[in-house]
Every structure is written in C-alpha cells, then in structure tokens.
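To start, the structure itself, in structure tokens.
All chains are named by letter (A, B, ...) in the order of the sequence lines, taking the proteins before the strands, and each is independently numbered beginning at 1.
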Amino acid sequence: MDKNTPVTIFWFRRDLRITDNAGLYHALKSGNPVLPLFIFDKEILGELEDEDDARVTFIYNKIEDLKSALNTHHSDLEVVYDTPEYAFTKLIKDHKIAAVYTNHDYEPYAAARDGAVKQLLAKHNIEFKTFKDQVIFERAEVVKDDGKPYTVFTPYKNKWHQKLKPFYLKAYPNEQYLKNLYLFKATALPSLTTMGFTKSDAKFPETGYEKFIADYAEKRDFPAIKGTSHIGLHLRFGTVSIRQCATDAHKAHEKTWLNELIWREFYMMVLHHFPKTMDNAFKPDYDNIKWINNEQQFKAWCDGETGYPLVDAGMRELNTTGYMHNRVRMVVACFLSKDLLIDWRWGERYFARKLLDYEMASNVGGWQWAAGSGTDAAPYFRIFNPESQLKKFDPKLEYVKKWVPEYADLSKYPKPIVDHAFARDRCLKAFKTALS
DNA sequence: TGATTGTTGGA
DNA sequence: CCAACAATC
C-alpha cells in the first residue's frame with residue numbers, strides 16, 4: 001500500500017494484546033487499514049530510577065510478541081522511542097492519517113498527555129477516538145442514585161453487580177477483522193540499550209489465573225502457599241482481558257477473587273472522583289499527623305532489616321522479585337505508617353518504584369487503607385501486630401525462612417528497630433492528637 | 001482483611 | 001486455669 005492510502009492508527013498503551021481489545025476492534029472496523037503503533041514514551045521512561053526496571057523488560061518482551069503476531073498477518077508494529085508529540089508529528093508527515101484510535105488511560109499523566117495529543121491531531125483534522133477497555137466499569141458508571149461517588153466498598157460492589165449485563169463481559173471478536181490491518185514494514189525496533197535500560201532477569205508470572213479462583217478465599221492469606229494468581233501485572237499492561245477475567249470469575253461459584261477485580265475498579269473510581277487523594281489524605285484530618293519520618297528506619301524498612309521477620313520477608317520478596325504477597329503488603333504498610341510513623345506517601349513511592357504490578361489507584365488506595373486515612377479505611381486504632389500476623393499467616397515460618405534465611409540463626413538477625421508495644425501506644429497518641 | 005485488656009463462668 | 005466474650009483503643 002502506498003503512502004496516500006488513508007490509515008487509522010491504533011495506539012497500544014496498557015492493552016498489549018490483540019485478542020478482545022476494544023479500541024483495536026473499533027479501529028479495525030473504521031473503514032481504513034489499521035496501522036498499529038506503540039510509543040516508548042521518553043517522559044515516562046525518564047522518570048524511572050532503575051536501569052534494570054523489570055517493567056520495561058516486560059513491556060519490551062510483549063512489544064516483540066505483538067510485532068511478530070502482527071507480522072503473521074503481513075502487518076507490523078511501528079515502535080517509536082520519543083515523546084507522543086514527536087511520534088505523531090512524524091507519523092503525520094509519513095502517512096495520510098484518517099484517525100487515531102486508542103483505549104482510555106486514566107492516571108493523571110495519561111489524561112494530560114491524551115489531551116495534548118488530541119489537540120495536536122485536531123490541528124490536522126485528525127480524529128482522536130478512545131474507548132473503555134481496561135475495566136468493566138469506569139469513572140462514573142457505578143455511582144449512587146444521586147450521582148455521587150461511593151466511598152464504601154460494599155455498596156459499590158452491590159451496585160457493580162446490579163449494573164452488570166452480559167454485554168459488558170462480551171469479548172471483542174478481533175480475529176475476524178485482522179484482514180483490515182495495514183500491510184507494511186515498520187522501522188527497526190529500538191533496542192533496550194538505546195533507551196537506557198538493561199534486560200532484567202526478573203521472572204514474570206504466567207497469565208493463567210483460572211486455577212486460583214476456586215480456592216482463592218481459603219488460600220490467599222498464606223504467603224507460603226501458591227494461592228494467589230499474580231494477575232495484577234497482566235491487568236496493568238493489558239496482557240489479559242478484564243472481560244475474560246471477570247467472565248471466568250463470574251462462572252466460578254466463588255466470589256472472593258472477583259471481589260478483588262471490583263476493588264481495583266473501586267479504587268480507580270475513587271481516584272477519578274478524588275484525584276487529590278493521589279498524594280493527600282482522603283480524610284483531610286489525617287494530614288495533621290506529625291510523622292516522625294526517620295530516614296534510617298525508612299531505609300531499614302526498605303531493605304528488610306527491621307527485625308520483624310514477616311515485615312523483612314515481605315520487603316525482601318519485593319526487592320528480589322518485584323512482587324509481594326497481598327497479606328504481607330498490608331502488614332508492611334501498617335508497620336511503616338503506624339509502628340514507625342513514617343508518612344504513607346514514602347511507602348507508596350517505594351512500592352511504585354518496585355512493584356511490577358504497580359497501579360496508582362490500587363496502590364494509593366491500599367496505602368491509605370493501611371494508614372487509616374482513606375475511603376473505607378481500616379480504623380486508625382486497628383494496628384497489626386507483626387508477631388501475631390506471623391503466627392496466624394506463616395505459622396511454620398516457611399515464607400520467612402525463604403526470604404530471611406538468617407532468621408534460623410538469631411545471632412545474625414537484627415533486633416527489632418522499634419518495640420511494637422511502645423510503637424502502638426505512640427501511634428495511638430499521635431493519631432489521637434492529629435484527629436482531635 | 002485487629003489487638004489488647006478485663007470479665008465471666010465452667011473445668 | 002483458660003476459653004469465650006465485650007469493651008476499648
């Protein structure tokens with residue numbers, strides 16, 4: 001095809017799959033051949049602190065997969081390493097673009113970026129069309145009858161179920177329209193090194209979540225058991241379809257795993273309505289808390305050297321694998337914000353840097369839950385005891401021994417950096433003062 | 001999706 | 001002596 005053929009660009013972002021991709025479906029039915037695009041955004045990559053950031057390797061692998069999948073249909077994936085502004089300016093010169101299609105992306109940077117792209121395209125009379133793809137219900141689709149957002153999970157969840165109709169779970173049948181791809185050869189894929197990254201040797205979880213659904217409620221709290229699906233990473237980058245996940249969860253009799261998908265949408269809805277809560281307490285009083293913010297203790301927490309084995313095991317699992325079991329996430333978050341009285345935002349930023357499955361809405365929501373300042377939060381006086389959490393959830397010390405091997409020889413293991421009974425009392429006083 | 005402390009009532 | 005329970009943080 002020559003360069004005067006009008007094309008529809010489909011821009012992949014957090015939806016790195018062909019199957020059941022909403023925006024791609026609409027692009028393939030737009031009437032023009034579809035030119036697939038991915039942008040390694042210099043602005044986003046420039047913010048990352050670690051050159052072996054495993055998330056970049058993960059995306060890179062998936063881009064290579066997408067490219068070869070498109071190649072089997074005699075099409076290709078154009079990959080640009082630059083800003084979106086540069087990428088589109090260049091594409092406008094090289095092609096006759098009828099429209100740009102993509103899927104909704106909700107975080108603050110993404111919303112601002114898409115606004116700017118839309119304006120740029122409008123100057124060239126190019127339509128910018130976006131679609132819901134990464135959630136079942138977005139933004140204000142599930143709100144109270146008076147239009148106000150829910151701030152408590154259970155009523156939100158009930159309304160979510162009420163609104164659910166088969167249509168929302170239906171897969172987009174993209175396979176039958178792939179003949180509408182633009183036939184071309186893309187420019188060379190930039191290397192990871194070119195972009196300033198090295199290949200991470202992290203092990204990425206498989207997409208298979210189905211086998212975890214049935215026993216999830218029973219097994220999910222025990223970090224030594226393989227009881228959780230690790231699907232967060234794939235939901236984050238769209239390497240599974242949320243509609244497929246929700247369909248499978250719905251079919252299974254067990255509701256707990258589906259609830260976690262609804263928590264994800266609950267927190268996205270909260271962040272949409274209350275964008276300030278990204279770095280402000282949802283309950284403003286909680287920003288009066290006088291955090292101690294001891295840098296040394298923060299470092300001990302980051303490094304898994306607090307002297308509390310469950311906390312340390314969690315942090316070391318995170319540092320080593322980019323993942324932490326959810327029960328343990330709650331324990332380390334509570335320990336940082338309540339026992340150490342370190343601002344939850346410090347912990348949130350650390351998780352943002354380390355978690356493969358990092359998602360702003362869930363992460364901020366989870367941290368504010370632990371610190372007590374969020375919507376539907378744990379009351380401030382609910383303070384986990386790291387010792388009894390260990391006894392309850394890792395009684396045989398299997399998880400601890402895996403990540404903190406020196407725990408077997410207590411002479412080599414650090415003493416607790418703070419006494420829990422003392423810290424609990426101190427926390428209750430600090431919170432009471434701030435909230436009175 | 002807690003922990004702690006104090007009380008009660010049965011062994 | 002210690003479950004079981006309630007009240008409190």
Side-chain angles (χ1 to χ4, degrees), chain A residues 150-158 160 212-213 215-225 227-232 249 254-267 270 282-283 285-286 288-290 306 308-311 313-314 323-341 344 347-348 351 357 359 361-395 399 416 418-436:
Chain A
Y150 287 102
T151 56
V152 178
F153 176 68
T154 306
Y156 172 84
K157 179 190 73 184
N158 294 339
W160 192 98
F212 294 97
I213 296 174
D215 298 336
Y216 182 71
E218 190 191 324
K219 293 184 174 169
R220 64 164 176 167
D221 268 323
F222 302 95
I225 297 178
T228 60
S229 57
H230 295 225
I231 203 61
E254 224 293 314
K255 287 274 190 253
T256 315
W257 195 79
L258 178 60
N259 271 352
E260 296 303 311
L261 301 182
I262 303 175
W263 270 108
R264 171 174 172 270
E265 300 195 0
F266 173 72
Y267 279 137
V270 169
F282 177 79
K283 297 177 190 146
D285 284 359
Y286 281 69
N288 296 332
I289 293 163
K290 295 268 183 290
T306 67
Y308 284 97
L310 187 56
V311 174
Y323 175 81
M324 193 194 308
H325 188 276
N326 188 54
R327 164 57 54 178
V328 191
R329 291 187 198 196
M330 295 189 281
V331 173
V332 304
C334 188
F335 185 79
L336 186 80
S337 55
K338 300 210 169 115
D339 284 57
L340 297 182
L341 276 177
W344 61 266
E348 198 276 333
F351 273 25
D357 60 23
E359 183 140 49
S362 302
N363 202 51
V364 165
W367 273 94
Q368 295 225 41
W369 176 86
S373 63
T375 56
D376 205 9
Y380 75 85
F381 46 78
R382 191 175 286 167
I383 300 169
F384 285 97
N385 180 327
E387 300 284 358
S388 43
Q389 288 283 311
L390 176 62
K391 282 203 183 82
K392 266 193 214 167
F393 299 114
D394 188 31
Y399 178 73
V418 65
D419 173 67
H420 175 68
F422 162 80
R424 179 174 187 276
D425 192 51
R426 178 178 66 179
C427 173
L428 289 170
K429 285 186 177 120
F431 275 59
K432 228 181 212 175
T433 307
L435 303 176
S436 63

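Within residues 383-393 of chain A, the residues approaching DNA chain B are A:I383, A:F384, A:N385, A:S388, A:Q389, A:K392, by heavy-atom distance under 4.0 Å. Looking at residues 258-266 of chain A, you'll see A:W263 sit with a heavy atom under 4.0 Å from some atom of DNA chain B.
Checked by atom type and distance alone, the side chain of A:S388 pairs as donor or acceptor with a backbone atom of A:N385 at under 3.5 Å. Proximity of a side-chain donor or acceptor of A:R327 to a complementary backbone N or O of A:F222 within less than 3.5 Å is not detected. Formation of a donor-acceptor pair under 3.5 Å by the A:Y308 side chain with backbone atoms of A:V418 is found in this model.
Ring geometry for A:Y267 against A:W263 counts as tilted: the plane angle lies between 30° and 60°, on a 0 to 90° scale.
Screening residues 420-429 of chain A for salt bridge (charged side-chain N to carboxylate O under 4.0 Å, His left out) gives A:D425-A:K429 as the qualifying pairs, with residues at least two apart or on separate chains.
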Under the side chain to side chain contact (heavy atoms under 4.5 Å, CB included) rule, what do A:Y380 and A:L428 come out as? Steps first, then yes or no, please. CA-CA 8 Å; A:Y380 75 85; A:L428 289 170; 4.0 Å; yes

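Partners of A:W257 under the side chain to side chain donor-acceptor pair (under 3.5 Å) rule, at least two apart in sequence or in another chain, are A:S229.
Between atom NZ of residue A:K392 and atom CG of residue A:L310 there is a gap of 12.0 Å, rounded to the nearest 0.5 Å.
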Only pairs under 3.5 Å count here: list side-chain donor-acceptor contacts from residues 364-372 of chain A, not counting sequence neighbours, and write none if there are none.
from   : atom 1 : to     : atom 2 : distance (Å)
A:Q368 : OE1    : A:F282 : N      : 3.0
A:Q368 : OE1    : A:S373 : OG     : 2.7
A:Q368 : NE2    : A:T277 : O      : 2.9
A:Q368 : NE2    : A:N280 : O      : 2.9

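From the 5' end on, the contacts that DNA chain B makes with chain A at under 4.0 Å to a non-hydrogen atom open and close at B:dT1 to B:dT4.
Atoms CZ (A:F381) and C1' (C:dA7) sit 11 Å apart, rounded to a whole Å.
A:T375 and A:Y156 are not linked by any side-chain donor-acceptor pair at a separation below 3.5 angstrom, with hydrogens and angles left out of the test.
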